[in-house]
Novice: 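Got a structure for you, questions after.
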Amino acid sequence: MSGDHSHNDSQIDSGSRHNDSHKHKDKYKDKEHKHKDHKKDKEREKSKYSNSEHRDSSDKKHRDKDKERLKLKDGSSDKQKDKHKEKKKEERSFDGKPKKEKENGFESPFIKSEPENNDFYHSPKHEKSLKRELKKGEAVTDGKKKAKKEPEEKWKWWEEERYTDGVKWKFLEHKGPVFAPPYEPLPSNVKFYYDGKHMKLSPGAEEVATFFAKMLDHEYTTKDVFRKNFFKDWRKEMTSEEKSKLTDLNKCDFSEMSEYFKAQSEARKAMTKEEKLKIKAENERILQEYGFCVMDNHKERIANFRIEPPGLFRGRGDHPKMGMLKRRIRPEDIIINCSKDSNHPKPPPGTKWKEVRHDNKVTWLVSWTENIQGSIKYIMLNPSSRIKGEKDWQKYEMARRLKKCVDRIRAQYREDWKSKEMRIRQRAVALYFIDKLALRAGNEKEEGETADTVGCCSLRVEHLTLHQEMDGQEYVVEFDFLGKDSIRYYNKVPVEKRVFKNLQLFMEDKEPEDDLFDRLNTSILNKHLQELMDGLTAKVFRTYNASITLQQQLNELTTSEDNVPAKILSYNRANRAVAVLCNHQRAPPKTFEKSMQNLQTKIDAKKEQLADAKRELKSAKADAKVRRDEKSKKAVESKKKAVQRIEEQLMKLEVQATDREENKQIALGTSKLNYLDPRISVAWCKKLGVPIEKIYNKTQREKFAWAIDMAEKDYEF
DNA sequence: AAATTAACTTAGCAGGTTTGGA
DNA sequence: TCCAAACCTGCTAAGTTAATTT
């Protein structure tokens, strides 16, 4: 059964070809109104990325200061520098120990083997060469010509030892968050009307009104829940006078505000090059100042150093809290996390942080509590950072460990289908779904706080329909529910008789809104998984099945004889199989039909061109036969080349069309970034001679640097 | 043992930027 | 050189899981 997920082909596209039977008519149109809020004027910078890579002199001071401070607190760093040089590639393994030391071959460092070095506080780890990186930066500054390309020596954290216990870092210094720009009151000629009469709003009320005005074009501002929530929260910001006057949202006229913002955004687009450049430069400056931190001697990129600006909350799907006011975050809301001996970030003048703490058992730099759900938000590091990379690597190692014992686990749950205990049967069937269908665990959620979505353990009777027989197949289960992000999961799956019978049993005497697995929750399930394999949880199955599927599909679909575009098509198809398995859907791009048409037009044109070229070739040949001179021979050759070139172009276009059509409502990004062991892709590239750049863009290569560096062509997941 | 909280991963979309073909 | 399309990045919501509290 391993890796057999072909049935999933039908789950996404209601109208697609290999999907004869089910005609569900997209009753869940949730995607249409998914969060489209944040309208703000984000002039984004062209991010420069990468830790330790080229930086300019503006940054030098900061750097040098770091260098000095680091030197002070750690005089040893230089000496340690080359410590790992001699390590050989083949010997790298997850725990950084030479393979032969790991007798059983199972051991993975993250699975807390006996910490051979309890003295981690003084371990040499991470204490090498910030200096080296910094030097490079300088070299680039005056090196000029090759400045950008310079293959910087990057820090290979994966060649170093890792912390074995809960410690995440020993040194952490950063500049704190960047706050949202303060509210700028509207010019007085932009008016708000209530019941047809002009009304000047107080600044507080006006700001919230602008949030609504900016969203006016979105469908969701017409939704009852949205309007109700918005109006309630808006009133809280009004003066008592406003409160008594403004009693009906329907009488509010935001159109001038809305027009004003549209005009603003037009004006922004129409800015001159210089103005745009200036903004870009300013963003770059902010990035350089706030976008990096120093963690354990290395300068690392921060993922989200800007605090989320205030606005109206738009949850995904049918969210009960849509329209509520997301309040502005102030320094007094902010908790700073950094090391004691670092230069603490300073709050803006006249303000204070809520707290400064020094917790090196966590990875975040800044946190605050958000007011909609009361949850905590964090500022953390970029995926290219050591701390994220190690975790990612660890995740795939866990999935590979599952690979080794998945047969045993499968045998086990199949056995459990027969258990006399209901809770065990439920657990076993749920696990079967998680394994076979890559469903998420499915925690229970507080009703009325969030959109009504489910995962495996929280499935309800109403989400399944059992078909004794359907389309010539026996024991078909039809799933139809909203999962994470209110993305619909629709699938018809033939299951084993025993599973089917169990489901009938679980559904007996229940109402549609009752839990399918009433004796099970994620905590019980994960505890059980923990017993089956150390560190095993429900989500590991998703990672495992995704990665193993990619590997299998790549093996099946690709031949070394193919040319590169064909190989890439195959790669995308393998990636697509995973995305389908994981139900990673997207709304078809708004311009899909049109762009498809355009492409078809191009293809037709190219076909004509090809026909013409062939005709010309033919006549040139005939000509050459008669004339038998050099010149006409040459002409034949060039015509031949032309035909070839056009054929190639045509092929490319056709491949593109296929790829695009197949990808209409499937999102590849999520699986690529989160579920597929990058070493599989790296190995595949090496084996088939496909440049890695064709598979991973710059950002992705930074995130997966560890895999690119360590995977050889024979890597096996 | 249930509920809550904290930390961290996973998710799709908007909209800007770059690319490549006419 | 222009334009559509592809690509990419930021954004932030929504999950999972483990730890902690009640």
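The analysis underlying the following values was restricted to heavy atoms, covering all of them including side chains, and did not include hydrogens, waters or symmetry mates. All values reported here derive from a predicted model rather than from experimental measurement. The sequence lines fix the lettering, A, B, ..., with proteins before strands; numbering per chain opens at 1.
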Novice: Rounded to the nearest angstrom, tell me the gap between atom CD1 in A:I695 and atom C1' in C:dC7.
Specialist: 15 Å
Novice: Between the base of B:dT10 and the side chain of A:K484, is there a donor and acceptor pair under 3.5 angstrom?
Specialist: yes
Novice: So, are A:K445 and A:E449 salt-bridged, with charged N and O less than 4.0 Å apart?
Specialist: no
Novice: It should be established whether A:N526 places a side-chain nitrogen or oxygen under 4.0 Å from OP1 or OP2 of nucleotide C:dT17.
Specialist: yes
Novice: For B:dG21, take OP1 and OP2 only and decide whether either is under 4.0 Å from a side-chain N or O of A:K606.
Specialist: no
Novice: Have a look at A:D392 and say if it touches a base, only the backbone sugar-phosphate, or nothing, with a 4.0 Å heavy-atom cut-off.
Specialist: nothing
Novice: Does A:R440 place a side-chain N or O at less than 4.0 Å from the phosphate oxygens OP1/OP2 of C:dT17?
Specialist: no
Novice: Can you tell me which nucleotide in B:dA7, B:dG12, C:dG15 comes closest to the side chain of A:R316?
Specialist: B:dG12
Novice: Taking the side chain as everything from C-beta on, heavy atoms only, tell me whether A:I336 gets closer than 4.5 Å to A:H174.
Specialist: yes
Novice: Is A:G374 touching bases, backbone alone, or none of the nucleic acid, heavy atoms closer than 4.0 Å?
Specialist: nothing
Novice: Would you say A:T522 reaches C:dT16's phosphate, i.e. side-chain N/O to OP1/OP2 under 4.0 Å?
Specialist: no
Novice: Between C1' on C:dA4 and CE on A:M596, what's the gap in Å once rounded to a whole number?
Specialist: 15 Å
Novice: Tell me if the centroids of the rings in A:H319 and A:F226 come within less than 6.0 Å of each other.
Specialist: no
Novice: Taking for each residue the nucleotide of DNA chain C with the nearest heavy atom, is it A:Q530 or A:K377 whose nucleotide lies nearer the 5' end?
Specialist: A:K377
Novice: Taking atom P of C:dA18 as reference, at what distance in whole Å does atom CD of A:Q394 sit?
Specialist: 11 Å
Novice: Please determine whether a side-chain nitrogen or oxygen atom of A:H218 lies at a distance below 4.0 Å from atom OP1 or OP2 of B:dA14.
Specialist: no
Novice: Between A:A441 and A:K326, which is nearer to the 5' end of DNA chain C once each is assigned its nearest nucleotide?
Specialist: A:K326
Novice: Which of the following nucleotides, B:dA6, B:dT9, B:dG12, is nearest to the side chain of A:M380?
Specialist: B:dT9
Novice: So which nucleotide from B:dA7, B:dT10, C:dG15 ends up closest to the side chain of A:T453?
Specialist: C:dG15
Novice: Can you confirm if the aromatic rings of A:Y696 and A:F704 lie within a centre distance of less than 6.0 Å?
Specialist: yes
Novice: Do any side-chain nitrogens or oxygens of A:R268 fall under 4.0 Å of OP1 or OP2 in B:dG15?
Specialist: no
Novice: side-chain hydrogen bond (donor to acceptor under 3.5 Å, both in side chains), that's the test. Do A:K703 and A:Q700 meet it? Break it down for me.
Specialist: CA-CA 5 Å; A:K703 168 167 178 172; A:Q700 295 165 162; over 6 Å; no
Novice: Hey, does the side chain of A:N674 come within less than 4.0 Å of B:dT9's phosphate (OP1/OP2), counting only N and O?
Specialist: no
Novice: Quick test of your reading of the model: are A:R573 and A:E662 salt-bridged, counting only N-O distances below 4.0 Å?
Specialist: yes
Novice: Considering every strand and a 4.0 Å limit on heavy-atom distances, what is the contact class for A:T363: base, sugar-phosphate, or nothing?
Specialist: sugar-phosphate
Novice: Go through B:dA6, B:dC13, B:dC8 for me and flag the one nearest to the A:R586 side chain.
Specialist: B:dC13
Novice: Is the shortest side-chain N/O distance from A:H584 to OP1 or OP2 of B:dA11 below 4.0 Å?
Specialist: yes
Novice: When you check the phosphate oxygens OP1 and OP2 of B:dA11, does a side-chain N or O of A:Y675 lie under 4.0 Å from one of them?
Specialist: yes
Novice: Using a heavy-atom cut-off of under 4.0 Å over every strand shown, decide if A:A538 touches base, sugar-phosphate, or nothing.
Specialist: sugar-phosphate
Novice: Centroid-to-centroid, A:Y489 to A:F481, below 6.0 Å?
Specialist: yes
Novice: Please confirm whether the shortest side-chain N or O distance from A:Q585 to OP1 or OP2 of B:dG12 is below 4.0 Å.
Specialist: no
Novice: Using a cut-off of 4.0 Å on non-hydrogen atoms, how would the nucleic acid contact of A:G483 be classed: base, sugar-phosphate, or nothing?
Specialist: sugar-phosphate
Novice: Can you tell me how far C1' of C:dT12 sits from CH2 of A:W368, to the nearest Å?
Specialist: 9 Å
Novice: What is the nucleic acid contact for A:N443, judged by heavy atoms within less than 4.0 Å: base, sugar-phosphate only, or nothing?
Specialist: base
Novice: For A:R542 and for A:K276, locate the closest nucleotide of DNA chain B by heavy-atom distance; then report the residue assigned to the nucleotide nearer the 5' terminus.
Specialist: A:R542
Novice: Are any of the side-chain nitrogens in A:K278 or A:E275 under 4.0 Å away from the carboxylate oxygens of its partner?
Specialist: no
Novice: Figure out the CG/C1' separation between A:L381 and B:dT9, and round it to whole Å.
Specialist: 15 Å
Novice: Pick base, sugar-phosphate or nothing for A:E370, based on heavy-atom distances below 4.0 Å to the nucleic acid.
Specialist: nothing
Novice: Whole Å only: how far is the OH atom of A:Y378 from the C1' atom of B:dT10?
Specialist: 16 Å
Novice: In whole angstroms, how far is the P atom of C:dG15 from the OH atom of A:Y489?
Specialist: 16 Å
Novice: Looking at A:K539, I'd like to know whether one of its side-chain N or O atoms comes within less than 4.0 Å of OP1 or OP2 on B:dT10.
Specialist: yes
Novice: Closer than 4.0 Å, any side-chain N/O of A:N598 to the OP1 or OP2 of C:dA5?
Specialist: yes
Novice: Rounded to the nearest Å, what distance is computed from the CE atom of residue A:M215 to the C1' atom of nucleotide C:dC11?
Specialist: 13 Å
Novice: Would you say A:T699 reaches C:dC8's phosphate, i.e. side-chain N/O to OP1/OP2 under 4.0 Å?
Specialist: no
Novice: Is there a side-chain polar atom (N or O) of A:T670 under 4.0 Å from OP1 or OP2 of B:dG12?
Specialist: yes
